[in-house]
Amino acid sequence: MIAAPVLDLGTAPALRASREATLALNARLSEALAAADFGPLHTLAAAGSLGRLEAGPDSDIDCLLVFGDHAMVAAAEQDALVGRLMAIFAAHGLKLPKSAGIFRTPITPAVLCAPAALGSLDEAPAVFGKRMQVLLDARPLYAPEAFRALRGAILDWYGTGFVAHGERAQWTYLVNDLVRYLHSYAAWQQYKFDRSADDGWYLRQAKLRGSRMVTFAGLLCLLGAASVRTDERRAWLEAALDLTPLERIALVMGTDDSAAFATLLAAYDRTHALLVDPDVRKALVAASPAGWQTLPARHADEFAELHAATGVVLTTLTNFVLSRRGIWAQDFLNYLIF
């Protein structure tokens with residue numbers, strides 16, 4: 001239903017190189033995973049840089065592990081299965097997720113689509129985050145049809161009660177959760193000053209203002225464009241979810257305002273080029289403050305260029321959304337802001 005948008009990366013060499021390398025890496029991972037029997041594993045998807053097709057030399061594997069609803073798995077069997085998966089990822093040169101992190105602990109479709117979770121504000125962040133990740137940037141590496149069925153079920157979960165409101169209905173709950181995801185994540189990152197050998201506040205802020213915002217904007221643009229469709233709205237949105245975040249923006253902004261998209265693409269490519277440079281990442285980590293009390297009044301020089309480039313990304317996205325007044329449904333814009 002969605003004709004693949006022409007995402008011309010001829011003027012974005014850093015993004016083009018990462019896309020080509022990530023497509024090849026994902027193909028190798030899919031082949032290795034398909035060759036093994038993982039029993040209760042229902043599907044597996046890559047999120048983050050592998051899902052966006054923007055992996056770099058320091059990329060880790062943000063993976064969504066989904067077990068079947070009725071799979072009876074003992075703790076030892078689960079640990080062994082996850083260990084086998086991690087071994088495959090490590091063999092392909094990927095940094096592994098934290099042992100107790102959300103990208104190493106399985107979940108089931110029933111938990112992701114539990115009716116009782118509708119409207120819940122005390123749901124575990126790991127469940128909320130995984131559900132959002134499926135729609136934001138996840139890309140299947142194992143059992144792709146099962147993944148797409150799960151993604152469709154999550155979309156239906158977010159659309160509970162949608163049909164009753166007819167053509168004026170918007171994806172109100174999904175819009176609210178999307179905004180909640182963005183702002184809760186940004187609030188968490190604002191005061192997260194943990195440092196390690198390869199991570200720090202400046203590096204996380206650069207990623208938040210760059211790839212995280214593009215990922216958020218990709219889904220937002222699809223929802224905005226869907227807001228004025230009166231036929232096959234759900235089918236159109238579901239098909240468009242196969243696109244990467246940047247492709248989603250290209251589909252909407254690239255069609256409606258090609259000049260704005262060209263500006264965005266140039267700034268995002270510069271952001272990406274800097275963030276995949278090991279020396280830049282090392283400098284950002286070294287310059288990162290240890291707490292809000294040590295945050296300088298003026299950003300460190302290592303962060304200045306990234307701050308400027310991501311500022312263009314944010315401003316271009318903001319101006320585009322504001323320019324949709326009278327084009328996207330007013331109800332959608334109302335819900336987005338209020």
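Just so it is clear, the structure is predicted and the values come from calculations on it, not from any experiment. One is the number of the first residue; the rest follow in order along the sequence. Scope of the values below: all heavy atoms of this structure, side chains included, with no hydrogens, waters or symmetry mates.
- Under a cut-off of 6.0 angstrom, the local environment of CD in Glu31 is sparse, with at most 12 non-hydrogen atoms contributed by other residues, nucleotides or ligands.
- Val175 and Ile327 fall within a single hydrophobic cluster, where Ile, Leu, Val, Met, Phe, Trp and Tyr side chains are chained together by heavy-atom contacts under 4.5 Å.
- Here CG of Leu243 is found 9.5 Å from CG of Leu7. Values are rounded to the nearest 0.5 Å.
- Minimum heavy-atom separation, Pro289 to Phe193: O-CD2, 3.8 Å.
- Linking Ile, Leu, Val, Met, Phe, Trp and Tyr residues whenever their side-chain heavy atoms come within less than 4.5 Å places Leu203 and Tyr191 in a single cluster.
- With rounding to the nearest 0.5 angstrom, the CD1 atom of Ile154 is 11.0 Å from the CD atom of Glu238.
- Ring pair Tyr335/Trp171: centre-to-centre distance not below 6.0 Å.
- Checked by atom type and distance alone, the side chain of Arg209 never pairs as donor or acceptor with a backbone atom of Val313 at under 3.5 Å.
- Listed for the Ser227 side chain is a donor-acceptor partner under 3.5 Å among the backbone atoms of Gly224.
- Note: the hydrophobic cluster containing Leu306 does not contain Met213 (ILVMFWY, side chain heavy atoms under 4.5 Å, direct or indirect links).
- The aromatic rings of His299 and Tyr202 sit perpendicular to each other, their planes meeting at more than 60°, with 30° as the lower class boundary.
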Given the rule in the side-chain contact (heavy atoms from CB on, under 4.5 Å) test, do Ile249 and Leu317 qualify, once you have shown the distances and angles that lead to the verdict?
-> CA-CA 9 Å; Ile249 297 172; Leu317 289 170; 4.2 Å; yes
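- In terms of heavy-atom proximity, Val276 sits nearest to Ser18 at CG1-OG, 4.4 Å.
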Donor-acceptor contacts, no H, no angles, side chain residues 135-146, under 3.5 Å, sequence neighbours left out:
from	atom 1	to	atom 2	distance (Å)
Asp137	OD1	Gln133	NE2	3.0
Asp137	OD2	Gly48	N	3.2
Asp137	OD2	Gln133	NE2	3.4
Arg139	NE	Gly51	O	3.1
Arg139	NH2	Asp242	O	3.3

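- With hydrogens and angles disregarded, no donor-acceptor distance shorter than 3.5 Å links the side chain of Trp201 to the backbone of Ala290.
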Under the side-chain contact (heavy atoms from CB on, under 4.5 Å) criterion, do Val280 and Leu275 qualify, and how do the steps go?
-> CA-CA 7 Å; Val280 171; Leu275 284 175; 5.7 Å; no
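- Interatomic distance, CZ of Arg204 versus OG of Ser288, reported as 7.0 Å (0.5 Å rounding).
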Take Arg324 and Asp256 through the side-chain contact (heavy atoms from CB on, under 4.5 Å) test and state the conclusion after the steps.
-> CA-CA 9 Å; Arg324 298 303 88 193; Asp256 292 353; 3.3 Å; yes
What do the steps show when you test Thr263 against Thr316 for side chain to side chain donor-acceptor pair (under 3.5 Å), and what is the final call?
-> CA-CA 7 Å; Thr263 298; Thr316 306; 5.5 Å; no
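- In this structure, Phe89 CZ and Leu44 CG are separated by 4.5 Å, a value rounded to the nearest 0.5 Å.
- Leu150 and Tyr173 fall within the same hydrophobic cluster, defined by Ile, Leu, Val, Met, Phe, Trp and Tyr side-chain heavy atoms under 4.5 Å apart, directly or through other members.
- For the atom pair Leu112 CG and Lys130 NZ, the distance stands at 8.0 Å (nearest 0.5 Å).
- Atom-to-atom distance recorded for Asp198:CG and Asp58:CG is 7.5 Å, nearest 0.5 angstrom.
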List the steps and the verdict of side-chain contact (heavy atoms from CB on, under 4.5 Å) for Leu65 and Leu81.
-> CA-CA 11 Å; Leu65 307 175; Leu81 188 153; over 6 Å; no
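- Taken together through direct or relayed side-chain contacts under 4.5 Å among Ile, Leu, Val, Met, Phe, Trp and Tyr, Val228 and Leu333 form parts of separate hydrophobic clusters.
- Note on ring orientation: taking the six-membered ring where Trp is involved, the planes of Tyr268 and His272 are tilted (angle from 30° to 60°).
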Walk me through it: do Arg16 and Asp269 pass the test salt bridge (charged side-chain N to carboxylate O under 4.0 Å, His left out)?
-> CA-CA 9 Å; Arg16 183 179 68 247; Asp269 187 64; over 6 Å; no
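- Looking only at distances, a side-chain donor or acceptor of Arg233 sits under 3.5 Å from a matching main-chain atom of Ala226.
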